[in-house]
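Here the structure is a predicted model, which is why all the values come from computation and not from measurement.
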Amino acid sequence: MLKDTMSLPEQDPEAKAPAVAWSVALRGAVLGRSLAQTTTAALLVGSTLFMVNLYSQVREGPFTWALAIRMALTFLVPWFNATMGIAIGLRKPGVPPHRPTEPADTAAPHESAPPPPRASRSQAGPVER
């Protein structure tokens, strides 16, 4: 007797792994190289925002707790934004949370066949017209 194969779900041989958990993605986003990247982004963006929005208040007015909190948020919000961007990228299926990097001097060379030799005009036979 034949089975009903239409009711069975198709198995994709190239199915990707499920998404990484948020806890793993966030841990990967705040460790090592990712932390350096997010900190650099926060310092660059935060400095620009500080100069545009708060510099005149710091220079002219009294320094208050409210101003200190605004200054801290000026740098924390870009850091949080960059960290979440990396965490979201790490959550994509098939992306490991820590990508191992090889130093350039130990990387294996790409193995490919050398290109075939090109024949020069002097080696080619007579041209028929």
### Message
Show, in sequence, the C-alpha distance, side-chain angles and deciding distance for Val20 and Leu90, and conclude whether the side chain to side chain contact (heavy atoms under 4.5 Å, CB included) test is met.
### Response
CA-CA 7 Å; Val20 176; Leu90 291 175; 5.9 Å; no
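Closest non-hydrogen pair, Ala87 versus Ala25, comes out as O-CB, 3.4 Å. When all heavy atoms are compared, the tightest approach of Ala29 to Ser34 is O-CB, 3.3 Å.
Going from atom CE of Met84 over to atom CD1 of Ile86 covers 11.0 Å, rounded to the nearest 0.5 Å.
Side-chain atoms of Thr38 come within 3.5 Å of backbone atoms of Leu35 as a donor-acceptor pair (strictly under, hydrogens ignored).
Both Met51 and Met71 are part of a single hydrophobic cluster, where members link through side-chain heavy atoms under 4.5 Å apart. No chain of hydrophobic side-chain contacts below 4.5 Å, direct or via other Ile, Leu, Val, Met, Phe, Trp or Tyr residues, connects Val45 to Phe80. Cluster membership for Leu26 and Ile88, using ILVMFWY side-chain heavy atoms within less than 4.5 angstrom, is shared.
Between Thr83 and Val30, the closest side-chain pair of non-hydrogen atoms falls below 4.5 Å.
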Could you pull out all donor-acceptor pairs under 3.5 Å where a side-chain atom in residues 55-70 meets a protein atom, sequence neighbours excluded?
unit_1 : atom_1 : unit_2 : atom_2 : d
Gln57  : OE1    : Arg70  : NH1    : 3.1
Thr64  : OG1    : Leu67  : N      : 3.2

